[in-house]
Amino acid sequence: MKSKIIIGLLSGLGLFSACNDVWDEHYDRNGSVPNVNLMELIRQDEALSTFARILEKTGADSLLVSSQTYTVWAPVNEALKNVNMNDEAALRRLVNNHIARYTSPTSTATNKYVYMLNGKKTTYSADGKFNGATIIGADHVAENGLMHKLSDTITYRFNFWEYISVNENYSKVYNFLKRFNKKVYSPSLSAGDDSVFVDYNPLLEHRLYGIGMINNEDSLYTMILPDNAAWDVAYARVSPYFANYNKDQAVADSIRDVQAGQAIVNGLTFRGRIDNPAVLDSLVTVYGDVIREPSRYLQSYAKMEASNGLMYLAGGNLFMDDTCTWNYKIPVEAEDVNYRTIGTGSNAYVRNTEASNLVQGISQNSYLEVSRASGVAEVTFKIPQLLAGKYDIYVDFVPPIVDGVALAQEKTRLEFRLTYPKVESSGTSNMERKGRNDDELIIGGHDVEDNKIISLKVWGGVEFPAANYYDNMWFANEENSMDDMTIRTTLRIRTNLNTDDLNNGMRRRFRVDRIRFVPVP
């Protein structure tokens with residue numbers, strides 16, 4: 001442990017030395033050592049009396065009398081005449097925006113970031129200003145740092161999180177995000193019997209399930225911020241799709257609120273700055289969704305600078321690209337063993353295809369072949385992540401010619417059965433739909449030239465009364481896994497052949513590429 005501390009001190013001394021040029025120049029000129037600390041230096045200047053009071057009121061004066069090294073950019077009284085001395089949060093923001101660790105003289109290169117106490121990155125400009133503030137007294141040396149005198153305050157740029165936390169007009173999006181705040185144990189900071197817990201919000205992550213580290217000054221994002229009116233409009237639009245059944249209505253409402261809120265915020269954040277969406281073909285959200293019309297998605301919003309990126313302010317209404325950011329198409333690959341159950345006595349084989357195969361366009365170049373020598377060949381697919389709403393239901397079949405020209409005319413007759421929960425006041429029961437007109441259920445028997453995927457729309461506009469959906473925060477919880485998911489909607493496909501069919505050469509075999517549930521607007 002001692003060695004780690006020594007290394008840390010040496011590292012700090014090296015950084016201190018690198019930032020200490022002004023002091024060296026001062027001593028070289030007159031050989032004197034400053035005999036006042038930064039707080040005393042500020043108190044000695046009557047033009048800085050208001051700033052001195054603010055430092056004392058926020059407790060920052062204790063920093064500036066310590067042996068640690070700081071640079072202070074001190075605004076004169078006139079610049080602070082409109083400051084509310086009773087708003088302690090605003091005073092702390094002001095102080096932390098005007099003090100930096102280590103020495104940062106006016107000779108600091110214009111391309112070098114100065115990190116303020118609040119973590120915000122600031123620079124000197126070529127005209128001698130500091131982040132737009134005019135310096136009227138530069139490089140005043142104290143025994144523990146430097147002080148620059150400003151004619152005005154440094155403009156405070158909120159990061160996304162700060163902006164929605166202090167602006168009441170954005171309280172709804174802020175309160176939704178804040179509800180996921182929690183304390184987590186930190187092994188790296190804990191030692192012995194001392195357990196250290198740190199603040200953590202899984203939704204403010206940039207990996208897997210989060211929308212990005214919008215509270216981090218070292219991150220760079222573009223974010224759409226819906227005001228309360230825009231949030232209400234979006235919630236009214238989205239929340240019915242997340243209606244779910246629970247015997248305790250309060251639990252059902254809470255689940256709906258969490259899932260609908262995530263559906264809204266998942267489409268709000270993008271990595272980097274997007275100054276001109278009109279020149280882009282597409283955008284990708286932090287969560288990974290692709291927006292195909294960037295200009296339409298962002299153009300109606302006012303822009304505002306944030307300290308960690310660019311804000312697009314959505315006032316009164318929020319444009320949502322439904323099927324891109326929340327009401328997704330649901331594909332189930334037939335070969336995925338996690339989502340299928342083979343009927344008793346049926347045979348099932350996953351087949352892979354080559355680029356040279358007669359049939360092109362097979363999803364992921366593999367499909368499931370189901371067959372049976374006698375009886376009924378069948379397979380049942382589980383359909384995950386359904387919302388409450390309407391879907392067109394498709395089954396994509398691979399034509400028999402995939403196995404060679406000799407099988408081009410092979411046929412089978414199929415039956416479909418959809419089972420899903422029906423919400424009732426007394427609980428849930430299964431609701432079923434069965435297949436369609438017989439002529440439409442014959443698969444195969446195509447000409448040799450007809451070697452395309454057979455996309456069969458089994459049903460159109462099926463309305464599901466309740467969502468069967470697991471949200472990002474559920475997946476982010478390490479205690480949950482896919483094995484814990486209960487999937488209550490299934491689609492069964494089975495052969496339905498009579499004696500005449502068999503006598504006419506129909507086979508108990510079919511090949512499924514994938515199932516698709518497509519949302520109906």
Side-chain angles (χ1 to χ4, degrees), residues 160 164 167-180 203 209-212 222-246 249-270 277 282-302 311-330 384-392 423 460-474 517-521:
F160 303 108
I164 60 177
N167 193 322
E168 184 60 30
N169 289 334
Y170 295 86
S171 61
K172 292 191 175 181
V173 63
Y174 172 68
N175 288 332
F176 176 76
L177 295 174
K178 188 178 69 171
R179 71 192 298 175
F180 298 100
L203 198 51
Y209 307 115
I211 66 167
T222 295
M223 185 174 185
I224 303 168
L225 297 181
D227 66 7
N228 291 344
W231 180 271
D232 286 342
V233 171
Y235 184 84
R237 175 183 176 81
V238 169
S239 61
Y241 290 85
F242 294 90
N244 61 89
Y245 175 78
N246 190 286
Q249 188 59 42
V251 172
D253 291 344
S254 177
I255 294 172
R256 179 201 62 204
D257 291 347
V258 167
Q259 294 181 341
Q262 288 181 71
I264 296 171
V265 301
N266 282 350
L268 299 183
T269 51
F270 307 87
S282 63
L283 294 173
V284 180
T285 67
V286 171
Y287 184 58
D289 294 323
V290 179
I291 308 299
R292 298 298 181 187
E293 298 179 85
S295 183
R296 181 166 173 248
Y297 199 76
L298 293 173
Q299 68 180 356
S300 63
Y301 306 138
M311 297 185 281
Y312 280 78
L313 304 180
N317 194 29
L318 182 66
F319 177 77
M320 300 186 69
D321 204 338
D322 296 1
T323 58
C324 290
T325 60
W326 62 279
N327 193 12
Y328 303 109
K329 299 175 184 178
I330 303 173
Q385 299 299 79
L386 254 76
L387 301 185
K390 291 183 179 181
Y391 290 87
D392 290 337
V423 177
V462 178
E463 186 163 5
F464 295 88
N468 184 195
Y469 181 82
Y470 291 83
D471 58 80
N472 293 353
M473 293 301 95
W474 188 88
F517 278 52
V518 180
V520 177

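- For the pair Ile330 and Tyr391, the minimum side-chain heavy-atom distance is below 4.5 Å.
- Taking both residues in full, the closest heavy atoms of Asp289 and Tyr328 are given as OD2-OH, 2.8 Å, listed atom of the first, atom of the second, then distance.
- In this structure, Asn244 contributes its side chain and Ala388 its backbone to no donor-acceptor pair below 3.5 Å.
- Atom CD1 in Ile224 sits 13.0 Å away from atom CE in Met311 (nearest 0.5 Å).
- To the nearest 0.5 Å, atom CD of residue Gln249 and atom CZ of residue Arg256 are 7.5 Å apart.
- Remark: side-chain polar atoms of Asp392 are not paired, donor with acceptor, to backbone N or O of Val520 under 3.5 angstrom.
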| message | Does Thr285 form a side chain to side chain contact (heavy atoms under 4.5 Å, CB included) with Thr269? I'd like the steps, not just the answer. | response | CA-CA 6 Å; Thr285 67; Thr269 51; 5.5 Å; no
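- Nearest heavy atom pair, residue Ala314 against residue Ala230, reads O-CB, 3.6 Å.
- By the 4.5 Å heavy-atom criterion applied to side chains, Arg179 and Leu203 are not counted as neighbours.
- Between Pro226 and Leu268 there is a side-chain heavy-atom pair separated by less than 4.5 Å.
- Across Tyr241, Tyr287, Tyr469, a single residue satisfies ring pair (Phe, Tyr, Trp, His ring centres under 6.0 Å) together with Trp326, and that is Tyr241.
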| task | Take Phe176 and Tyr235 through the side chain to side chain contact (heavy atoms under 4.5 Å, CB included) test and state the conclusion after the steps. | result | CA-CA 12 Å; Phe176 176 76; Tyr235 184 84; over 6 Å; no
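- By the 4.5 Å heavy-atom criterion applied to side chains, Trp231 and Val265 are counted as neighbours.
- In terms of modelled atom types and a separation under 3.5 Å, the side chain of Ser282 and the main chain of Val290 share no donor-acceptor contact.
- Annotation: the span from Asn468 atom CG to Leu387 atom CG amounts to 10.0 Å, rounded to 0.5 Å.
- For the atom pair OH of Tyr209 and CE of Met473, the computed distance is 9.0 Å after rounding to the nearest 0.5 Å.
- Of all non-hydrogen atoms in Gly267 and Thr325, the two that sit nearest each other are CA-CG2, 4.1 Å.
- Among all heavy-atom pairs drawn from Ser239 and Ala260, the shortest one is CA-CB, 3.8 Å.
- Residues Val173 and Leu225 have side chains not in contact (no heavy-atom distance under 4.5 Å, counting atoms from C-beta outward).
- In this structure, the separation between CG on Leu283 and CG on Leu298 is 6.0 Å, given to the nearest 0.5 Å.
- Nearest heavy atoms, Pro519 versus Asn327: CG-O, 3.2 Å.
- Looking at Tyr312 and Phe270, their side chains never come closer than 4.5 Å, going by heavy atoms from C-beta outward.
- Side-chain atoms of Tyr174 and Asn167 form no donor-acceptor pair, as typed in the model, at a separation below 3.5 Å.
- When all heavy atoms of Pro294 and Pro277 are compared, the closest pair comes out as CB-O, 3.6 Å.
- Interatomic distance, CG of Leu177 versus NZ of Lys172, reported as 14.5 Å (0.5 Å rounding).
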